[in-house]
Amino acid sequence: MVLRPNPTLRQLRLGAELRRMREQAGLGGSQLARALGINPAHVTQMESGKTGVSVERLRTIAALCMCVNEPLIEALAGIITDRDKGGWWEEYRGRLSQDFLEVAEIEGHARGLSAYTMAFIHGLLQTNDYASAVFARSYPPLPSHEVDLRAAFRLRRQHIVRSEATPFTAYIHEAALRMQFGGARIHAEQLGALVDVSGQSNISVRVVLFDADTIPLPNENFTYAEGPVQELDTVQADSGVGNFLFDAPAHTARFRSLLAQIDSAALTVGESRDFIRSIKKDMESKYV
């Protein structure tokens, strides 16, 4: 049994879903191993993503666990048969932290994306100068070459939405629209780019005003990535100490509910575009 030293996020997710399937059936790891005729350690390695699982074994496990969710089983089989080694982001392994790679991997495999940001424009919609200004605010300060590397990586992530391959709804709080990174000129250019990109057929930009009804957890920046089936949805939340990933059904249901409340409080796409233009005009008056 060959063990993977660095399982991809999708391989880890496959293992986690196998474990969830087993636990929902009330089976212990040793019980499943006995039914499969393998060593209990092998079950542990499969569920940790350290070793591969064939489609045939997946279906056997599903049958033993009495799982009749065929769409989920098919989606898991798709992860197994997809031989993608992780995508373009693997070029940055060893140069950027795992958090950066995980965000790109989640976005790269998503069927649709929704995000809510309060302190900054979402990374998938940032200009190069704005992204550089965001990273330049890191504390302790980053060397200039590290700022450039992070900004370049962020812009490369944008291909999935710029190419119109993935639907993306960005809910942006008014605070993020007014928070300046890099000064008035760079911020005005970022707002202008936001207006332009909001015209793409796959991108919706919705503004949440300061005076909108109270939204639960207003200080969270998060991205909701839709999987091939709802059971494989993932939420990535930002914090000052790194990324947090949520994939348990209770967690994703909670964020879907939060998105619904944000959606009901946000301006329409047209109203949002007009509001962003008004802030851009204010920014431009500061340096004209």
Side-chain angles (χ1 to χ4, degrees), residues 13 16 20 71-72 75 99 102-103 106-107 109-126 130 134 157-158 160-161 164 166-179 181 190-191 193-195 197-280:
R13 183 62 181 275
R20 191 170 288 138
L72 172 60
D99 282 352
E102 287 179 347
V103 169
I106 289 170
E107 294 170 346
H109 291 293
R111 300 295 177 89
L113 295 163
S114 299
Y116 176 59
T117 54
M118 276 205 69
F120 45 79
I121 308 302
H122 195 278
L124 292 178
L125 302 178
Q126 292 179 6
Y130 183 94
V134 170
R157 281 171 44 208
Q158 296 178 1
I160 59 167
V161 294
E164 302 189 7
T166 305
F168 179 39
T169 299
Y171 298 98
I172 307 175
H173 197 278
E174 182 180 347
L177 295 175
R178 296 189 181 279
M179 183 84 70
F181 290 92
Q190 170 64 75
L191 295 176
L194 196 59
V195 170
V197 79
S198 68
Q200 280 192 205
S201 61
N202 66 310
I203 297 177
S204 296
V205 176
R206 307 275 305 282
V207 174
V208 179
L209 299 177
F210 280 126
D211 61 0
D213 289 340
T214 302
I215 298 170
L217 302 177
N219 61 336
E220 283 200 43
N221 302 305
F222 67 88
T223 300
Y224 191 104
E226 299 173 23
V229 293
Q230 193 173 86
E231 291 86 349
L232 295 183
D233 290 355
T234 303
V235 176
Q236 177 260 322
D238 292 324
S239 79
V241 294
N243 289 330
F244 290 95
L245 302 181
F246 303 94
D247 57 33
H251 289 149
T252 55
R254 170 174 167 266
F255 279 97
R256 283 196 302 275
S257 176
L258 180 56
L259 276 172
Q261 294 178 65
I262 293 171
D263 183 83
S264 65
L267 298 178
T268 66
V269 171
E271 291 169 341
S272 297
R273 191 178 290 119
D274 290 342
F275 187 77
I276 295 169
R277 285 195 184 105
S278 70
I279 299 179
K280 177 177 179 289

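Just so you know, residue 1 is the first one in the sequence shown, and it goes up from there.
Between Pro249 and Gln230 the shortest side-chain heavy-atom distance does not fall below 4.5 Å. Contact annotation: the side chain of Arg178 approaches that of Phe210 to within less than 4.5 Å [non-hydrogen atoms, C-beta and beyond]. At a threshold of 4.5 Å between non-hydrogen side-chain atoms, the residues Thr117 and His173 do not count as touching. Contact of the Lys280 side chain with the Val195 side chain is not registered, since no non-hydrogen atoms from C-beta on lie closer than 4.5 Å.
Rounding to the nearest 0.5 Å places OG of Ser114 at 13.0 Å from CZ of Phe255. The distance from the CD1 atom of Ile106 to the OH atom of Tyr224 is 12.5 Å, given to the nearest 0.5 Å. Atom CZ in Arg20 sits 9.5 Å away from atom CG in Leu72 (nearest 0.5 Å). The CG atom of Leu177 sits 5.0 Å away from atom CD1 of Ile121, with the distance rounded to the nearest 0.5 Å. The distance from the CD1 atom of Ile262 to the CD1 atom of Ile172 is 12.0 Å, given to the nearest 0.5 Å. Annotation: the span from Thr252 atom OG1 to Leu259 atom CG amounts to 11.0 Å, rounded to 0.5 Å.
Note: Tyr130 and Phe181 have perpendicular aromatic rings, judged against thresholds of 30 and 60 degrees for the angle between ring planes.
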- request: Test Arg13 against Thr234 for side-chain hydrogen bond (donor to acceptor under 3.5 Å, both in side chains), laying out the working first.
  value: CA-CA 10 Å; Arg13 183 62 181 275; Thr234 303; 2.7 Å; yes

- request: Apply side-chain hydrogen bond (donor to acceptor under 3.5 Å, both in side chains) to the pair Ser264 and Gln261, showing each step before the final yes or no.
  value: CA-CA 5 Å; Ser264 65; Gln261 294 178 65; over 6 Å; no

- prompt: Checking salt bridge (charged side-chain N to carboxylate O under 4.0 Å, His left out) for the pair Arg111/Asp233: CA distance, chi angles, key distance, verdict?
  reply: CA-CA 9 Å; Arg111 300 295 177 89; Asp233 290 355; over 6 Å; no

task: Please report the C-alpha distance between Gln236 and Asn243 in whole Å, then the side-chain angles of each, then the deciding distance to 0.1 Å, and finally whether the side-chain hydrogen bond (donor to acceptor under 3.5 Å, both in side chains) criterion is met.
output: CA-CA 7 Å; Gln236 177 260 322; Asn243 289 330; 2.9 Å; yes

task: List the steps, then state whether side-chain contact (heavy atoms from CB on, under 4.5 Å) holds for Thr223 with Leu113.
output: CA-CA 7 Å; Thr223 300; Leu113 295 163; 4.0 Å; yes

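Put simply, the side chain of Gln158 gets close to the backbone of Gly123: a donor and an acceptor are under 3.5 Å apart. With Glu271 contributing its side chain and Thr268 its backbone, the two residues share a donor-acceptor pair below 3.5 Å. A donor-acceptor pair under 3.5 Å is absent between the side-chain atoms of Glu174 and the main chain of Asp211, judged by distance alone. Remark: the backbone N or O of Ser198 is paired with a side-chain donor or acceptor of Arg273 at under 3.5 angstrom.
Residues His122 and Phe168 bring their aromatic ring centres within 6.0 Å.
Here the rule is side chain to side chain contact (heavy atoms under 4.5 Å, CB included) with Leu267, and of Val208, Val207, Val205 only Val207 fits it.
Inspection of the Ser201 and Glu164 side chains reveals an N or O donor paired with an N or O acceptor under 3.5 Å.
Taking a cutoff of 4.0 Å between a charged side-chain nitrogen and a carboxylate oxygen, Asp263 and Arg256 do not qualify as a salt bridge.
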